[in-house]
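Encoded as structure tokens, the structure appears first; notes follow it.
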Amino acid sequence: MPEQQHLDIDLHVRYIQQLDTHKDDLSYHLTEHLRMNGVYWGLVALCIMGRQDALDRDEMVRYVMSCWDEDMGAFGAHPKHDGHLLSTLSAIQILAIQDSLDIANTDRLVKFLLSLVHPETGRVAGDRWGETDTRFSYILVSALSLLGRLKDLDEALDGKGRQLVIGHIERCRNFDGGFGSDEGSESHGGQIFVCVAALAILDRLDLVDVGTLAWWLSERQLPNGGLNGRPEKLEDVCYSWWNLSALSILGKLHWINEEKLIEFILESQDLEGGGIADRPGDWVDVFHTIFGLAGLSMLGYPGLQDIDPVYCMPTVVTERMGLKKEFQMLPRRTA
Ligand code: GRG
Ligand code: ZN
């Protein structure tokens, strides 16, 4: 059997450091709408590798604040972009990790967040234009929790806010124990993470059929060790986050073959330029880099820091903020 590859931390740190240095590339401009998410993914990846300081903290905080959309009371993906829920959660997470959340306009943010809950169905929209998805239910709950303002959800909508949001997530649960993006939508690893993590924050994991869901999630592991997000689909490194974080919250991480998954993630590294791809041999990107590292961290890979599966932030941060919930981590191995 060939010797197992190792995780090249120094190379991946350099890969993340250089992401922002290609400002003349067309692709840099084409991905502007993902810039705030990208900064968050890069920062959390560095934190998992124990190298948070590899990007300048003050410069990052200044960038986040330059994306504030004063009209909307939310953060955009880049300066002058309209505020959106997706970039707003990333901005709040970055500020929290950098211990600078006190400079955000919390009251305006809470108002923006609560305005996105549908007063009858409990569905949550991503912005005022209205596309709804359980992703946004999670973002609402996670952002309010990080801001220390979950109680505002209780008081919203004539005191029915929390129950409305929970009720909608419950209606998105399927016969296979999984969750979809809306009522009647197919179960999918990504939607399962958002629904299970939102219920964990709201202390309503009693609504999850743990045995059935953990079985369905463990069935997502393919013979090559990688996980897919739903039956008959290809394996992809990012499900090492979406599926595994849900298993961690449910206390069933050991229902997958950890050795084979570790091997699959390690094989997806680019050992020349750094970064991790969706599967071995493909182009790397920061999205699969953070989620590959997060998967390795939950699996106890040596030399990595713990990641909180509920918030996708370093556990030291959620502990410091008093937000850490119960979840399972495999014991950290020694090198
Ligand atoms: C804080 C980590 C974090 C997230 C914020 C945006 C969000 C909340 C969650 C996204 C959840 C989600 C739906 C993830 C799935 C992303 C993905 C890999 C989609 C691919 O879907 P398909 O249908 O791929 O293209 P498959 O694998 O089914 O072929
Ligand atoms: Zn992917």
Side-chain angles (χ1 to χ4, degrees), residues 33-34 36-45 47-48 75 77 84-97 113 116 124-127 131-146 169 172 178-182 185-201 216-217 220-222 226-246 248-249 264-265 268 275-280 282-295 297-298 307-314 317-318 323:
H33 64 291
L34 286 174
M36 184 72 83
N37 298 137
V39 175
Y40 156 71
W41 294 327
L43 174 62
V44 176
C47 291
I48 295 172
F75 289 97
H84 192 281
L85 207 45
L86 285 166
S87 37
T88 294
L89 177 62
S90 290
I92 291 173
Q93 289 171 306
I94 296 167
L95 293 175
I97 294 169
L113 292 165
L116 300 172
V124 179
D127 62 18
E131 185 210 349
T132 67
D133 188 308
T134 45
R135 284 179 302 158
F136 302 138
S137 308
Y138 167 75
I139 294 181
L140 170 90
V141 167
S142 175
L144 285 173
S145 168
L146 290 167
I169 296 176
C172 295
F179 294 83
S181 58
D182 198 0
S185 302
E186 180 189 8
S187 296
H188 182 285
Q191 311 296 152
I192 290 170
F193 157 71
V194 290
C195 292
V196 170
L199 292 174
I201 295 173
W216 188 92
L217 286 167
R220 305 277 60 76
Q221 188 162 32
L222 300 178
L227 310 181
N228 64 12
R230 43 190 168 147
E232 311 298 327
K233 292 284 185 166
L234 284 180
E235 68 287 349
D236 181 328
V237 159
C238 65
Y239 296 110
S240 317
W241 165 258
W242 307 118
N243 297 4
L244 225 52
S245 56
S248 161
I249 295 168
F264 174 76
I265 301 171
S268 304
I276 301 177
D278 56 356
R279 61 185 67 89
D282 281 359
W283 285 104
V284 300
D285 58 66
V286 64
F287 178 88
H288 290 94
T289 302
I290 175 268
F291 293 133
L293 289 166
S297 168
M298 288 186 282
I307 180 92
D308 184 319
V310 174
Y311 291 94
C312 196
M313 288 163 61
V317 175
T318 56
L323 298 177

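Order of appearance sets the numbers: ligands from 1, and atoms from 1 within every ligand. Computed from heavy atoms alone, side chains included, the values below leave out hydrogens, waters and symmetry copies. Predicted model, so just to flag it, every value in this text is computed and none were measured. We count residues from 1, following the sequence as given.
Side chains of S90 and N37: a donor on one and an acceptor on the other come within 3.5 Å.
Contacts of L234 with ligand 1, taken as heavy-atom pairs under 4.0 Å, are absent altogether. By the criterion of a heavy-atom distance under 4.0 Å, neither the backbone nor the side chain of F287 is placed next to ligand 1.
Residues satisfying the side-chain contact (heavy atoms from CB on, under 4.5 Å) criterion with S248, sequence neighbours excluded, are L253, M298, P309, F327, M329. Remark: S87 engages M36, A77, H84 in a side-chain contact (heavy atoms from CB on, under 4.5 Å) (not counting sequence neighbours).
Summary of contacts: the protein heavy atom closest to atom 22 (P) of ligand 1 is R230 NH2, 3.9 Å. Atom 21 (O) of ligand 1 has its closest protein heavy atom at H188 NE2, 3.5 Å. The nearest protein atom to atom 29 (O) of ligand 1, hydrogens excluded, is given as K233 CD, 3.3 Å; this is a heavy-atom distance. The protein atom (non-hydrogen) at minimum distance from atom 12 (C) of ligand 1 is G190 CA, 3.5 Å. Atom 26 (P) of ligand 1 has Y239 OH, 3.5 Å as its closest protein atom, hydrogens excluded (heavy atom only). Nearest protein heavy-atom contact of atom 13 (C) of ligand 1 is Q191 OE1, 3.1 Å. The nearest heavy-atom contact from the protein to atom 16 (C) of ligand 1 is W242 NE1, 4.1 Å.
Only protein atoms were considered; those of element N, O or S under 2.8 Å from the Zn ion (ligand 2) number 4.
Evaluated by nearest non-hydrogen atom to atom 2 (C) of ligand 1, the leading choice among P309, S245, C312 is C312.
Ligand-side atoms of ligand 1 in range of Q93: 1 (C), range being under 4.0 angstrom from any heavy atom. For ligand 1, the atoms lying closer than 4.0 Å to a non-hydrogen atom of Y40 are 1 (C). In summary, the atoms of ligand 1 found under 4.0 Å from a heavy atom of C238, numbered by their order in the structure, are 18 (C). The ligand atoms of ligand 1 that sit less than 4.0 angstrom from a heavy atom of L86 are 6 (C). Each of the following atoms of ligand 1 lies closer than 4.0 Å to a heavy atom of R135: 6 (C), 9 (C), 10 (C), 11 (C), 13 (C).
Between I290 atom CD1 and I48 atom CD1 the span is 4.5 Å, to the nearest 0.5 Å. In this structure, CG in N228 is found 8.0 Å from CG in L234, a value given to the nearest 0.5 Å. Taking CD1 from I169 and OG from S137, the interatomic distance works out to 5.0 Å, rounded to the nearest 0.5 Å. In this structure, D282 CG and H288 NE2 are separated by 9.0 Å, a value rounded to the nearest 0.5 Å. Note that the OG1 atom of T88 and the CG atom of L113 stand 7.0 Å from one another [nearest 0.5 Å].
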Side chain to side chain contact (heavy atoms under 4.5 Å, CB included) evaluation trace for V310 with L323: CA-CA 10 Å; V310 174; L323 298 177; over 6 Å; no
Verdict with reasoning, Y40 to L43, per side chain to side chain contact (heavy atoms under 4.5 Å, CB included): CA-CA 5 Å; Y40 156 71; L43 174 62; 5.8 Å; no
Test side chain to side chain contact (heavy atoms under 4.5 Å, CB included) applied to D133 and V194, step by step: CA-CA 10 Å; D133 188 308; V194 290; 5.6 Å; no
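Two residues are said to be in side-chain contact when any heavy atoms from C-beta on lie closer than 4.5 Å; D278 and W283 fail this criterion.
Identified under the salt bridge (charged side-chain N to carboxylate O under 4.0 Å, His left out) test for residues 231-242, with sequence neighbours left out: E235-R279.
Contact between V194 and ligand 1 is present, with at least one heavy atom of the residue lying under 4.0 Å from the ligand. Heavy atoms of G229 come nearer than 4.0 angstrom to ligand 1 in no pair at all.
Classification of the F291-W242 ring pair by plane angle, with boundaries at 30° and 60°, yields tilted.
Of the options F179, Y239, W241, a ring pair (Phe, Tyr, Trp, His ring centres under 6.0 Å) to F193 is made by W241 and by none of the others.
Ligand 1 has no N or O atom lying under 3.5 Å from any N or O atom of Y138, backbone or side chain.
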